[in-house]
A.B. asks: 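My questions will all concern the structure given below.
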Amino acid sequence: MTATANSTGEPTEPIVQYIHALHVAGAPSLRGLAWEEVEAWICCGAWEKLCFVLRELPLSIVPETPAFFYVRGQVLWEQHRLGEAASFLERARFFYRMTQNDRSLAALCCIDLAELAHVQCRLSVAERYLQAAETSLSSTAAPNPSVVARFHWMQASVLAALGAASQAIHHAQIAVALYETLKDVLSQLRCLATLAEAAVAAGDLELAASQIAVARSLFAAAVIPPRACARILNVEAHLAWQSGNLAQAAAAAEQQRSICPDIPDCCLYSTALSGHLARERGDWAAADRCYAAAAALAVEHGYLDYLPELAIHRAWRHVLVGELKMAKGLVQASAAQMTRAQWMAANVVLAVTALWGEGMGSGDLLTTVLAYAMENGVGPLVCAVRCYLALTAFRGGETNGGKAHGAAALRWLNEHNLDYFAGWWHPALMAEFVAQALRHCAEYSHLLQRICVNRLGFVAIAQLAPLLADTDLAVRRRAQEICALLEGQESVLQYVLDAYLRSVLTELIATHKLRRSGLSQLSELLTTAEQQRKPNAMLLAVFGLYLDGQSRGAIAERLRCSEKSVKNYISEIYARFGLLQMEYPKRKVRFARLRTLAQDAGFI
């Protein structure tokens with residue numbers, strides 16, 4: 001809540017009007033205070049001071065004063081005592097509606113209760129309170145403009161969380177315009193953040209960037225509390241992520257966490273965001289740490305409805321490394337608690353799990369998600385789903401369907417000047433999609449080249465290799481051009497002369513069994529020809545397959561060598577990491593230690 005005034009200088013916010021009336025009447029608790037000082041308390045959210053002021057009123061007034069209940073609820077909210085805060089806000093709502101018949105203020109209480117539920121990810125509860133607020137406002141002849149603005153802002157916030165991006169943009173734009181008319185700078189700034197957030201979800205990055213710029217310009221016009229600053233940083237991080245700038249996104253997320261370390265919801269969401277970004281970079285250990293910390297925060301502060309959302313993100317992390325049973329288990333364990341938007345995201349996880357595992361049923365799941373994403377205007381999700389639907393169609397021999405979905409996805413990326421979509425990017429599957437699109441969506445060959453060079457790197461090489469011998473001369477040339485550009489990016493594997501062994505290592509990197517960023521350092525560690533300084537490619541391949549959990553026999557079969565050779569290679573790997581058998585006599589313990597060291601070093 002913030003203080004606002006009309007053209008005559010009188011306050012317009014309902015609760016502010018009440019406190020202003022007390023000040024004008026000379027209430028004992030307000031004597032000696034200038035109105036500007038009291039107004040500053042309201043603007044800065046100094047609820048404890050206001051609560052003290054109201055507590056000093058005559059006892060005959062306080063018990064029946066809904067304004068006191070309202071302010072007391074705000075104090076408890078600031079103290080993160082959310083259950084007690086909701087109780088006082090409910091009491092205020094009851095008194096406004098039943099004893100004073102003030103539907104506008106009853107609606108304000110409903111909106112605050114909706115925000116309280118929204119912060120906790122209890123979106124169905126937030127929706128019910130907003131419906132009650134809308135009913136109260138619609139039955140009011142002249143509802144307070146500030147309450148109406150706040151209703152549209154909270155409606156936008158909840159709709160954005162529910163995945164209804166286009167509707168969220170509509171309500172946020174109404175709220176921004178109303179707050180601009182009311183000259184309520186702080187509330188306008190918060191609405192701009194919500195509008196930018198919805199625009200990012202819709203894939204309208206230009207709109208999002210423009211709203212953030214306007215919000216930044218308002219920083220000099222008001223005292224901005226930490227929560228509002230953190231909200232802007234959160235949106236900036238998501239904007240950078242959607243643009244594919246992971247370093248900038250990570251910096252914004254870290255700054256957000258540093259601004260509000262004592263605000264539970266801000267700390268929770270910034271920690272989870274850092275996990276998402278680590279996952280996108282392929283830093284699995286960092287992602288796991290962030291997700292574990294976020295889950296602990298959610299449990300500690302009672303944000304249990306956020307856990308299904310977190311489970312979906314953790315499941316996607318397991319999909320990216322091929323741990324498909326783990327991914328499905330996480331989704332299934334949380335399915336009963338999911339909202340519709342979360343269940344649609346879970347369907348993407350299950351569909352891609354089927355695609356990656358060469359299972360059945362991905363098409364039906366993806367079609368359901370596509371209808372939902374198009375209905376709600378979630379552009380990036382539409383693009384991602386169309387890419388995977390195209391791949392499903394191509395695999396099934398449905399060339400026309402694959403071309404239609406592939407062209408639509410590439411057209412959206414091209415129109416938005418993007419070569420990446422956040423959240424659902426699976427490098428290995430996207431490399432396969434690109435290879436198919438080079439055959440069937442030639443009009444987007446330049447965009448496909450950008451995707452390979454900027455986003456996929458040598459992950460694309462294994463999929464492009466068959467195109468170098470394609471019967472279509474134009475397809476061969478397009479593949480040759482991209483491969484030529486990627487040659488510099490695969491310098492680490494240039495020493496591998498054996499084509500088969502090279503393909504195994506390429507696949508290990510493409511499926512994230514080996515991390516590309518740590519390959520050079522790992523290659524140096526596993527160097528056996530000291531004079532030539534050439535890493536042992538077979539040792540690298542055994543390392544990747546062994547830490548993937550494959551048996552000696554499976555590794556020997558895959559690498560076309562004897563099981564005895566594999567055993568010797570494994571012994572050499574343990575020696576290189578300083579894990580002697582006499583110090584680790586139990587095989588499982590030594591293996592677990594090797595895996596931990598490899599993760600910490602960024603090799604897997």
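In this text, all values refer to a predicted model and were calculated from it rather than measured experimentally. Side-chain atoms are counted along with the backbone in the values below, which use heavy atoms only and exclude waters and symmetry mates.
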A.B. asks: Name every donor-acceptor pair, under 3.5 Å, that has one atom in a side chain of residues 194-201 and the other anywhere in the protein, sequence neighbours excluded.
C.D. replies:
residue, atom, partner, partner atom, Å
Thr194, OG1, Trp153, NE1, 2.9
Thr194, OG1, Arg190, O, 3.2
Thr194, OG1, Arg231, NH2, 3.0
Glu197, OE1, Arg231, NH2, 2.7

A.B. asks: Between Ala202 and Ile169, which heavy-atom pair has the shortest distance, and what is it?
C.D. replies: CB-CD1, 4.0 Å
A.B. asks: Under 4.0 Å between a Lys/Arg side-chain N and an Asp/Glu carboxylate O for Glu481 and Arg478?
C.D. replies: no
A.B. asks: Taking all non-hydrogen atoms of both residues into account, name the closest pair between Arg279 and Gly423 and its distance.
C.D. replies: NH2-O, 3.7 Å
A.B. asks: Name the residue from Asn536, Leu545, Leu559 that meets the side chain to side chain contact (heavy atoms under 4.5 Å, CB included) definition with Tyr569.
C.D. replies: Asn536
A.B. asks: Under 6.0 Å between the ring centres of Tyr291 and His276?
C.D. replies: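 For Tyr291 and His276, the ring centres are under 6.0 Å apart.
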A.B. asks: Give me the atom names and distance for the closest heavy-atom approach of Cys452 to Ile482.
C.D. replies: CB-CG2, 3.6 Å
A.B. asks: Please tell me if the side chains of His405 and Cys387 come closer than 4.5 Å, counting only heavy atoms from C-beta onward.
C.D. replies: no
A.B. asks: Using 0.5 Å steps for rounding, measure from the CG atom of Asn347 to the OG atom of Ser362.
C.D. replies: 11.5 Å
A.B. asks: Within a reach of under 6.0 Å around CD of Glu206, are more than 12 heavy atoms found that belong to other residues, nucleotides or ligands?
C.D. replies: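 It does not: Glu206 CD has 12 such atoms or fewer within range.
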A.B. asks: Does the Arg386 side chain pair with the main chain of Ala404, one donor and one acceptor, at a distance under 3.5 Å?
C.D. replies: no
A.B. asks: Between Phe433 and Tyr388, does the ring centre distance come in under 6.0 Å?
C.D. replies: no
A.B. asks: Can you measure from CG (Leu579) to OG1 (Thr596) and round to the nearest 0.5 angstrom?
C.D. replies: 10.0 Å
A.B. asks: Compare every heavy atom of Ala346 with every heavy atom of Val331, then report the nearest pair and how far apart it is.
C.D. replies: CG1-CB, 3.7 Å
A.B. asks: Check for a donor-acceptor pair, side chain of Arg595 on one end and backbone N or O of Leu547 on the other, with a separation under 3.5 Å.
C.D. replies: yes
A.B. asks: Decide whether His318 and Glu323 meet the rule of one side-chain donor and one side-chain acceptor closer than 3.5 Å.
C.D. replies: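 Yes, side-chain donor-acceptor contact under 3.5 Å.
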A.B. asks: If we ignore hydrogens and angles and just use 3.5 Å, is the side chain of His171 paired with the main-chain N or O of Gln167 as donor and acceptor?
C.D. replies: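 Not a single qualifying donor-acceptor pair exists.
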A.B. asks: Walk me through whether Glu127 and Arg340 qualify under salt bridge (charged side-chain N to carboxylate O under 4.0 Å, His left out).
C.D. replies: CA-CA 13 Å; Glu127 284 185 292; Arg340 185 185 177 212; over 6 Å; no
A.B. asks: Could you check if a side-chain atom of Leu429 sits within less than 4.5 angstrom of a side-chain atom of Trp356, using non-hydrogen atoms only?
C.D. replies: yes
A.B. asks: Can you confirm whether or not the ring centre of Tyr574 sits under 6.0 Å from the ring centre of Phe543?
C.D. replies: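 No, ring centres 6.0 Å or more apart.
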A.B. asks: Could you tell me whether Arg439 and Asp470 make a salt bridge, using a distance below 4.0 angstrom between a side-chain N and a carboxylate O?
C.D. replies: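 Counted as a salt bridge, because a side-chain N and a carboxylate O are separated by less than 4.0 Å.
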A.B. asks: Is a donor from one side chain sitting under 3.5 angstrom from an acceptor on the other, for Ser565 and Ser562?
C.D. replies: yes
A.B. asks: Taking everything shown except Glu557 itself, do over 12 heavy atoms lie less than 6.0 Å from its CD?
C.D. replies: no
A.B. asks: Do Arg576 and Glu524 sit within salt-bridge range, that is, some charged N less than 4.0 Å from a carboxylate O?
C.D. replies: no
A.B. asks: His440 versus Thr399: any side-chain heavy-atom pair under 4.5 Å?
C.D. replies: yes
A.B. asks: Under a 3.5 Å threshold, yes or no: a donor from one side chain and an acceptor from the other, between Gln449 and Tyr444?
C.D. replies: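 No pair is found: no donor N or O on one side chain lies under 3.5 Å from an acceptor on the other.
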A.B. asks: Is there a donor-acceptor contact under 3.5 Å from the side chain of Arg455 to the main chain of Gly244?
C.D. replies: yes
A.B. asks: For Arg411 and Glu415: C-alpha separation, side-chain torsions, deciding distance, then whether side chain to side chain contact (heavy atoms under 4.5 Å, CB included) applies.
C.D. replies: CA-CA 6 Å; Arg411 181 167 56 251; Glu415 289 172 352; 3.5 Å; yes
A.B. asks: Between Gln342 and Thr339, is there a donor-acceptor pair closer than 3.5 Å when you use the side chain of the first and the backbone of the second?
C.D. replies: yes
A.B. asks: Just wondering, do Phe421 and Cys383 contact through their side chains at under 4.5 Å, heavy atoms?
C.D. replies: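 Sidechains of Phe421 and Cys383: in contact.
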A.B. asks: May I ask you to check whether over 12 heavy atoms, not counting those of Met338, lie within 6.0 Å of atom CE?
C.D. replies: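 Result for CE/Met338: enclosed.
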A.B. asks: Once you round to the nearest 0.5 Å, how far does OH of Tyr546 lie from CD1 of Ile604?
C.D. replies: 12.0 Å
A.B. asks: Quick one: are the ring centres of Tyr269 and Tyr306 less than 6.0 Å apart?
C.D. replies: yes
A.B. asks: Rounded to the nearest 0.5 Å, how far does CG of Leu366 lie from CG of Leu389?
C.D. replies: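 It is 4.5 Å, given to the nearest 0.5 Å.
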A.B. asks: Salt-bridge test for Asp288 and Arg317: reply yes if a basic N is under 4.0 Å from a carboxylate O, no otherwise.
C.D. replies: yes
A.B. asks: Compare every heavy atom of Leu447 with every heavy atom of Leu410, then report the nearest pair and how far apart it is.
C.D. replies: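 That closest heavy-atom pairing would be O-CD2, 3.3 Å.
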A.B. asks: Taking all atoms of both residues into account, what is the closest heavy-atom pair of Ala286 and Ala278, and its distance?
C.D. replies: CB-CB, 3.9 Å
